[in-house]
Every structure is written in structure tokens, then in C-alpha cells.
S.K.: 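Provided herewith is a single structure, encoded as C-alpha cells, for subsequent inquiry.
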Amino acid sequence: MQLFSTFETTELLEMAISTIEKRGIPKESIFAVPLDNRKDDRKIFDTLHRSDGTSLIDIGMGLATALSVIGASIGFKLSWGPIYWGLIGAFVGFVIGFAIRLFIELVVKKNKRVFKGKISEIILIVECEESQAGLIEDILWSHLALGVAKVK
């Protein structure tokens, strides 16, 4: 039977390995694999297959509505008329709102785009007998494994 678990790189991983060795599992049956974590920045623009739940056009739509109403109202007194000035106001409002939201995402919330939570850094694979699986699993959980799985 094999037990797979993920850990952060801490001294608890070393303690878990030494505890497992003390319980009679040979070194050849314990395998630790370090993971390469994501190094590139998170994307700002969504694609068809991936979305982070952040909208960049919400402020733009609100400003487009407000400025189109203002542009149409003022347009009755201007030479191009209310329709053209309403469309111009909508376009200008959308561009301003989109620029504001993009600035907020790129500059203000820059640190919030990093991954939250604990990051798995090492996979520990332990090969043992079925009778020892419960004991090994308890050892892994007691040494703060992020996740544990058993495979027969």
C-alpha cells in the first residue's frame, strides 16, 4: 500500500519522516518529491476557459450610463444633438471607468493577486503494509500534512 501526502517545507516534515522510520519503515520505502510552484503572475484578463471572478467593466458600465444621460441632456443644446452626445458620453464614461478599474487591479490590489492559503511544496510517498497504513496516516496527520491519500 502507498500513502501520498503533501507538506510545506518545515521541520515537521523531517520529524514525520524520522517518526515513520522509527516505526519500522525502511528509508527505501520513503520518497519525498519537491514541487515547483507557480512563478508567473496571475492573469488580469479572463479567457473563455478561466475566470477569477473579478469584473473590469463594472465601473465602466456605471460611468457610461451616467455620462450618456448627462451627454444626452446637454446634447439638446449642442449642435450634434442628444443621440451623438449620449453615445460620446457613454464611450468616454466606459473608457474612464475601465481605466480606473484596471489601475485598481494593477496597482492597488497587486498583492491580493498572489495565491492565498498554504502552498504544497513537497509530496511524501510512503510504501508500507496494509496493517501499518492507519499508523502511518496518523503520523502524517499529526505532523500537519496538508493532505493524505491511500492507494492499494
Side-chain angles (χ1 to χ4, degrees), residues 1-72 85-152:
M1 172 172 267
Q2 289 182 331
L3 277 90
F4 294 85
S5 60
T6 57
F7 283 90
E8 290 180 301
T9 305
T10 62
E11 66 277 350
L12 291 172
L13 172 65
E14 299 292 330
M15 291 171 52
I17 292 172
S18 65
T19 305
I20 291 170
E21 287 176 357
K22 287 178 185 176
R23 300 293 179 170
I25 304 296
K27 286 184 181 182
E28 294 80 28
S29 297
I30 301 171
F31 189 62
V33 182
L35 295 174
D36 293 331
N37 289 322
R38 181 182 296 266
K39 291 182 177 44
D40 56 342
D41 290 335
R42 296 186 96 171
K43 307 291 185 216
I44 290 183
F45 294 105
D46 296 339
T47 64
L48 182 63
H49 302 289
R50 182 201 55 82
S51 174
D52 60 358
T54 302
S55 174
L56 293 177
I57 64 169
D58 54 351
I59 296 175
M61 288 298 185
L63 281 177
T65 303
L67 291 184
S68 68
V69 169
I70 293 170
W85 284 107
L87 290 173
I88 291 169
F91 178 75
V92 169
F94 180 79
V95 169
I96 291 171
F98 184 79
I100 289 170
R101 187 62 153 170
L102 196 61
F103 175 77
I104 289 171
E105 290 296 321
L106 288 176
V107 177
V108 177
K109 292 185 179 179
K110 183 177 182 180
N111 294 334
K112 290 186 180 181
R113 281 198 323 267
V114 297
F115 290 102
K116 294 180 179 175
K118 295 185 177 186
I119 299 173
S120 296
E121 294 182 352
I122 294 178
I123 297 176
L124 183 66
I125 304 169
V126 180
E127 195 164 330
C128 64
E129 299 295 324
E130 273 191 61
S131 59
Q132 297 173 317
L135 174 67
I136 303 298
E137 185 177 7
D138 290 339
I139 291 171
L140 295 173
W141 283 122
S142 67
H143 287 88
L144 301 179
L146 298 176
V148 176
K150 291 189 246 182
V151 177
K152 290 185 180 183

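Nothing here was measured: the structure is a model prediction, and the numbers come from that model.
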S.K.: Just jot down the side chain to side chain contact (heavy atoms under 4.5 Å, CB included) partners of Thr10, sequence neighbours excluded, or say none.
M.R.: Glu8, Leu12
S.K.: Which pair of heavy atoms, one from His143 and one from Ile139, lies closest together, and at what distance?
M.R.: ND1-O, 2.8 Å
S.K.: Any chance you could measure Arg101, atom CZ, to Ile59, atom CD1, to the nearest 0.5 Å?
M.R.: 5.0 Å
S.K.: Can you sort out the partners of Phe103 under side chain to side chain contact (heavy atoms under 4.5 Å, CB included), two or more places apart, ordered by chain and number?
M.R.: Val107, Val108
S.K.: Between Val151 and Phe4, what is the shortest heavy-atom contact and its length?
M.R.: CG2-CE1, 3.7 Å
S.K.: Enter the distance from Ile125:CD1 to Ser5:OG here, rounded to the nearest 0.5 Å.
M.R.: 9.0 Å
S.K.: Restricting to non-hydrogen atoms, name the atom on Ala32 and the atom on Ile122 that form the minimum distance, rounded to 0.1 Å.
M.R.: CB-CG2, 4.2 Å
S.K.: Are there more than 12 heavy atoms of other residues, nucleotides or ligands under 6.0 Å from atom CD of Glu21?
M.R.: yes
S.K.: Minimum heavy-atom separation for Ala133 to Met1, with atom names?
M.R.: CB-SD, 3.2 Å
S.K.: Mind checking side chain to side chain contact (heavy atoms under 4.5 Å, CB included) for Ile25 and listing every partner two or more places apart, or none if nothing turns up?
M.R.: Ile20, Ser29, Ile30, Val126, Cys128, Gln132, Ile136
S.K.: Any heavy-atom pair between the side chains of Phe7 and Leu140 that's under 4.5 Å?
M.R.: yes
S.K.: To the nearest 0.5 Å, how far apart are OG1 in Thr65 and CZ in Phe94?
M.R.: 11.0 Å
S.K.: Please, which pairs that meet salt bridge (Lys or Arg N to Asp or Glu O under 4.0 Å) have at least one residue in residues 137-150, sequence neighbours excluded?
M.R.: Glu137-Lys150
S.K.: For Leu67, which residues count as a side chain to side chain contact (heavy atoms under 4.5 Å, CB included) partner, sequence neighbours excluded?
M.R.: Ile70, Val92
S.K.: Working to the nearest 0.5 Å, report the span between CG of Leu56 and CZ of Phe98.
M.R.: 5.0 Å
S.K.: What's the shortest heavy-atom distance between Ser68 and Gly86, and which atoms?
M.R.: CB-O, 3.2 Å
S.K.: Can you measure from CD1 (Ile104) to CD1 (Ile100) and round to the nearest 0.5 angstrom?
M.R.: 7.0 Å
